[in-house]
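Scope of the values below: all heavy atoms of this structure, side chains included, with no hydrogens, waters or symmetry mates. We name chains A, B, ... by the order of the sequence lines, and we start the count at 1 in each one.
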Number of protein chains: 2
Amino acid sequence: MITEKARPEILSLIRQHYPQLAERNLQDAIADEGTIMHFKAGSLIMDFGAYVKIMPLIIKGSIKVSREDEEGNELFLYYLKPGETCSMSFTCCLMDKKSEIRTVAEEDTTLIGIPTRFMDEWMSRYPSWKNFVMTSYDNRMLELVRTIDSIAFKKMDERLMDYLEQKAEANDSRTLNATHQEIAYDLNASREAISRLLKQLEKDGVVQLGRNRIELL
Amino acid sequence: MITEKARPEILSLIRQHYPQLAERNLQDAIADEGTIMHFKAGSLIMDFGAYVKIMPLIIKGSIKVSREDEEGNELFLYYLKPGETCSMSFTCCLMDKKSEIRTVAEEDTTLIGIPTRFMDEWMSRYPSWKNFVMTSYDNRMLELVRTIDSIAFKKMDERLMDYLEQKAEANDSRTLNATHQEIAYDLNASREAISRLLKQLEKDGVVQLGRNRIELL
DNA sequence: CGGTTATTGTGATGTTCGTCACTGCGGGCC
DNA sequence: GGCCCGCAGTGACGAACATCACAATAACCG
């Protein structure tokens, strides 16, 4: 992970990716207090149980958010993309609580990290910040409900297709690099089941498979 | 549903059930704008797709929150109890969006309804209101993540036990009135499966079954 | 190039439900 | 009492995976 302070650059990035944060004073505050951070694809940004110290405003790339239970079962929840933030971090900040989720850089990712101590103050001071935070919450909530729908109501083949589509979008590419085992972990399924379903999808002409590679057609 | 304006009573209820909303001005505002509402057990408070017009502060009873997909599959999410509010309503208000959930009174329930147009203004004006809203969001988020854990990682017998425990708590009674079919709907399972699992739980000495009645031991 | 390791394919078998087709039971109501 | 009807119990069968045990490739590396 590489960090840098770069006031003018932050200003420009915010204006470009977060136009809804329109107040000049807020933009200045972000430029003053924020830090540009770079994460390499695959690097762990925040693990379960970690105390969150920054709130990320994502600029470039994408972040995979997932959940793990006590026994180590893992489950993919959703991706965060540029223009979005992690609402989970948000409450962790305010409440000084441990993280319930894990975040990993899906691609090479750039974000502006805001130290948590400003969250609360800005909520009262800048209406557009308040709206941004509330909207983020709402979007994440919706994302979680959709995840619930998916797990509760859909069968594995459909969940798999949804997953592949989401991953393709997060990576801006219809050709995905992933092993069947990794996918199985994300969907909390067995590798064999995923292999067989992928084979079926290939037979159906929906994907093309290679070693470590899945191409969506 | 019965509603009433009752300024002094609202003041007293708020102080009793929402001590964290400590600001006098806020309490006055709630008393001025809020309405006491009563719902009979089983009555529908808000359906899918409805536009939310009030935010409920629950005083007495409990509310069942559930989700339904396009094909009509239903799934129980969580209960709301006194001292809590429905964060989902909250964003619906702000964004003027349709509801993603259904809420039904589990017991006879009393709540204070706050018209949605005050939500936003109060957020900026009263820090304790802002904190209350943020905390509610966080709690609901956590509740959703726990629901995901339950569906994704647990088998039906464990989910059933969890469900019964939650229902017992919501109803303040270890003796529940419900048909196997109703439970099956809430867990998105088949009646037969629930019947068999309950029978097994009875054999294990965990519950005692009767017609329309389940007693937790 | 050969050997090692990561990845994928495949068959056999078991478990957890879902579905279907009934039976039995209990309570209310004519 | 006899009749319904909603609820609960039950057996048979199948579908959707999980699990286990390997075989078959493909990549990688000294």
- With Glu106(A) as reference, evaluate Lys81(A), Lys64(A), Lys167(A) under the side chain to side chain donor-acceptor pair (under 3.5 Å) test and give the passing residue. Lys167(A)
- Task: Check the distance between dT10(C)'s C1' and Leu198(A)'s CG and give it to me in whole angstrom.
- Result: 15 Å
- Task: Anything under 30° is parallel, anything over 60° is perpendicular, the rest tilted; go ahead and classify Tyr137(B) against Tyr137(A).
- Result: tilted
- Rounded interatomic separation in angstrom, taking CD from Glu158(B) and C1' from dC17(C): 16 Å
- Task: Answer with yes or no whether Arg211(B) presents, from its side chain, a donor or acceptor under 3.5 Å of a partner atom in the base of dA8(D).
- Result: no
- Task: Please state how far atom CG in Leu209(A) lies from atom C1' in dG9(C), giving the value in whole angstrom units.
- Result: 11 Å
- Test item: side-chain donor near acceptor, Asp162(B) and Gln166(B), under 3.5 Å: no
- Note on the structure: Nearest heavy-atom approach of Leu176(B) to Leu164(B) is CD1-O, 3.7 Å
- Side chain to side chain, Met46(A) and Arg102(A), heavy atoms closer than 4.5 Å: no
- Heavy atoms of Thr109(A) and Ile63(A) approach each other most closely as CG2-CG1, 4.0 Å
- Under 4.0 Å: is that the gap between some side-chain N or O of His180(B) and OP1 or OP2 of dG6(D)? no
- Distance, rounded to the nearest Å, where Lys199(B) contributes NZ and dG24(C) contributes P: 16 Å
- Length of the CG-P vector between Leu201(B) and dA8(D), whole Å: 15 Å
- Note on the structure: Taken to the nearest whole Å, OH/Tyr185(A) to C1'/dA6(C) is 13 Å
- Query: Taking atom P of dG18(C) as reference, at what distance in whole Å does atom NZ of Lys154(A) sit?
  - Reply: 19 Å
- Which parts of nucleotides 16-22 of chain D does protein reach within less than 4.0 Å, heavy atoms only, written one letter per nucleotide 5' to 3' as B for base, S for sugar-phosphate only and - for none? SSSBBB-
- Item | Nearest-Å distance for atom pair CD/C1', residues Gln200(B) and dT15(C) | 14 Å
